[in-house]
Amino acid sequence: MTEFFKDIPVIKYEGPTTKNLLAYRFYDPQKKVLGKTMEEQLRLAVCAWHNFVWAGHDIFGEETFIRPWKQSADPMQQASQRVDAMFEFVTKLNIPFFTFHDRDVAPEGKTIQESNDNLQKIADQMAEQMQKTGKKLLWGTANLFSHRRYMAGAATNPDPEIFAYAVAQAKKALDVTQQLKGENYVFWGGREGYDTLLNTDMKQETEQFARFFHMMVDYKHKIGFKGDFLIEPKPCEPTKHQYDYDTATVYAFLKKFGLEKEFNVNIEGNHATLAGHSFSHEVAYAYANGIFGSVDANIGDAQLGWDMDYFPVDITDLTQVLYIMLLNGGFGRGGFNFDTKVRRQSIELSDLFYGHVGAIDILARALLTAAKLIEEGLIKDFVAERYMGWNKGVGKDILAGKFDVEKLAQHAMQQAAPQPKTGRQEMLQNIINNALIS
Ligand code: XUL
Ligand code: CO
């Protein structure tokens with residue numbers, strides 16, 4: 001079999017003082033952090049699309065990457081090489097998982113049947129590679145947004161025949177995800193939204209969307225797929241407005257259509273900031289509503305207002321994300337998937353490694369710092385103390401519904417005026433910075 005990354009060895013943990021830029025300073029897979037290994041806490045994944053499919057195009061420019069796994073003129077041969085390259089890459093990074101869309105790994109055929117046959121052949125190859133390398137599938141998904149038939153959406157398309165086509169495609173993607181024992185199956189509503197309300201019946205489209213999810217849930221139960229279903233929120237891009245705007249919007253949609261027990265969310269860092277939230281807000285909101293699933297770890301750009309999919313570099317931000325995650329017990333079946341891409345000037349194969357090695361290390365560093373914060377307990381204790389009034393006396397009785405408005409007003413009038421207390425934001429920020437520095 002061709003070795004694609006000949007000059008790159010398996011990346012090893014060498015500790016914080018190493019000078020080797022292709023070594024881990026913090027990611028030590030077997031090191032125990034709060035009772036689990038780092039590998040189990042972070043559950044890291046490489047994505048197929050940005051690394052092995054995308055060729056460096058942007059809206060103004062052509063491809064910049066010349067990849068050795070893309071040299072064959074035969075699309076199936078190319079697909080097969082892409083998969084081999086991906087498994088070599090994941091193995092050399094020494095992380096456990098990968099993720100893919102159906103059309104990342106196998107070419108679309110002239111008919112659904114031909115597309116399914118292509119996908120099945122490559123799925124069998126992936127199964128073999130998984131067996132050989134021990135790598136696992138974090139999630140699979142269907143690309144229901146690139147082909148022109150989906151330009152007005154897949155499940156939310158005005159044409160029911162396109163809805164049907166999308167169902168056929170998603171069915172096969174789920175079948176293959178099941179075959180490969182995927183931990184999850186993701187739905188990102190690429191074009192499930194609108195460009196203009198002038199041609200859009202929003203109520204109709206959201207009802208179609210819910211029907212699609214109900215049908216997929218029924219099928220999941222029918223075939224006994226063991227993984228979780230995840231919806232990945234995003235506010236806009238490619239459409240002007242997407243229906244899965246953010247975690248709160250997704251939760252309201254799930255509740256309205258009785259789907260909240262069937263789905264968790266796959267939160268993406270850059271999608272959170274596009275929605276005007278912080279990454280940690282989305283994570284906290286998901287836990288607060290019992291729908292936290294998985295994470296696409298990436299970030300955007302302060303000046304460029306669209307989905308840049310940078311490798312994460314903000315240690316303070318990630319430490320807060322990891323802190324909230326550890327407070328809530330971390331991942332179940334989810335993991336950190338690098339939905340990230342190197343810049344289009346980073347044209348060498350080694351750039352793929354530099355991007356991932358840095359991102360893996362920064363997540364590991366954030367995990368270590370967050371664990372330290374949990375063990376110190378200073379932030380947690382402050383928050384517990386702040387809300388203590390609700391665990392006893394009047395606070396407890398209010399929550400238990402023992403007061404009506406009149407009774408509570410009477411109570412308030414009998415008390416001395418309550419005094420505000422400090423929120424201590426600066427002190428709490430210092431606790432995080434101190435943990436990061438020490
Ligand atoms: C697009 C995006 C997707 C999903 C999977 O912004 O994040 O790649 O993660 O479809
Ligand atoms: Co994503």
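All residue numbers in this chain count up from 1 along the given sequence. Computed from a predicted model, the values in this text were never measured in an experiment. Atoms within each ligand, like the ligands themselves, are counted from 1 in listed order.
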So, [X] and [Y], do they make that salt bridge, N to O below 4.0 Å?
X: D175; Y: K171; result: yes
X: E376; Y: K372; result: no
X: E88; Y: K92; result: yes

Option from R43, K226, K136 for which salt bridge (charged side-chain N to carboxylate O under 4.0 Å, His left out) with E183 holds
R43

Enumerate, atom names and distances included, each donor-acceptor pair closer than 3.5 Å involving a side-chain atom of residues 144-155, sequence neighbours excluded.
{"unit_1": "S146", "atom_1": "OG", "unit_2": "N143", "atom_2": "OD1", "d": "3.4"}
{"unit_1": "S146", "atom_1": "OG", "unit_2": "N143", "atom_2": "ND2", "d": "2.9"}
{"unit_1": "H147", "atom_1": "ND1", "unit_2": "R149", "atom_2": "N", "d": "2.9"}
{"unit_1": "H147", "atom_1": "NE2", "unit_2": "R149", "atom_2": "NH2", "d": "3.4"}
{"unit_1": "R149", "atom_1": "NH1", "unit_2": "E108", "atom_2": "OE2", "d": "3.3"}
{"unit_1": "R149", "atom_1": "NH2", "unit_2": "E108", "atom_2": "OE2", "d": "2.6"}
{"unit_1": "R149", "atom_1": "NH2", "unit_2": "Y165", "atom_2": "OH", "d": "3.3"}
{"unit_1": "Y150", "atom_1": "OH", "unit_2": "Q169", "atom_2": "OE1", "d": "2.8"}

Which word best sums up how the rings of Y185 and F187 line up, parallel for under 30°, tilted for 30 to 60°, or perpendicular for over 60°?
perpendicular

Sequence neighbours left out, cut at 3.5 Å: what donor-acceptor pairs do the side chains of residues 289-304 make with other protein atoms?
{"unit_1": "N289", "atom_1": "ND2", "unit_2": "Y285", "atom_2": "O", "d": "2.9"}
{"unit_1": "S294", "atom_1": "OG", "unit_2": "G335", "atom_2": "N", "d": "2.9"}
{"unit_1": "S294", "atom_1": "OG", "unit_2": "G335", "atom_2": "O", "d": "3.0"}
{"unit_1": "D296", "atom_1": "OD1", "unit_2": "N266", "atom_2": "ND2", "d": "3.3"}
{"unit_1": "D296", "atom_1": "OD1", "unit_2": "N337", "atom_2": "ND2", "d": "3.0"}
{"unit_1": "N298", "atom_1": "OD1", "unit_2": "N270", "atom_2": "N", "d": "2.9"}
{"unit_1": "N298", "atom_1": "ND2", "unit_2": "E268", "atom_2": "OE2", "d": "2.7"}
{"unit_1": "N298", "atom_1": "ND2", "unit_2": "D309", "atom_2": "OD1", "d": "2.7"}
{"unit_1": "N298", "atom_1": "ND2", "unit_2": "D339", "atom_2": "O", "d": "2.8"}
{"unit_1": "D301", "atom_1": "OD1", "unit_2": "Q303", "atom_2": "N", "d": "2.7"}
{"unit_1": "D301", "atom_1": "OD1", "unit_2": "L304", "atom_2": "N", "d": "3.1"}
{"unit_1": "D301", "atom_1": "OD2", "unit_2": "Y310", "atom_2": "OH", "d": "2.5"}

Under 2.8 Å from the Co ion (ligand 2), which protein N, O or S atoms do you find? Ignore water molecules.
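Metal shell, protein only: E232 OE2, E268 OE1, D296 OD2, D339 OD2.
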
Among W69, F4, F5, F98, find the residue that satisfies the ring pair (Phe, Tyr, Trp, His ring centres under 6.0 Å) test when tested with F87.
F98

Protein residues that have a heavy atom under 4.0 Å from any atom of ligand 1, sorted by chain and number
W49, H101, W139, W188, E232, K234, E268, H271, D296, D307, D339

Assess whether atom CG of D7 is packed by more than 12 heavy atoms of other residues, nucleotides or ligands within 6.0 Å.
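It does not: D7 CG has 12 such atoms or fewer within range.
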
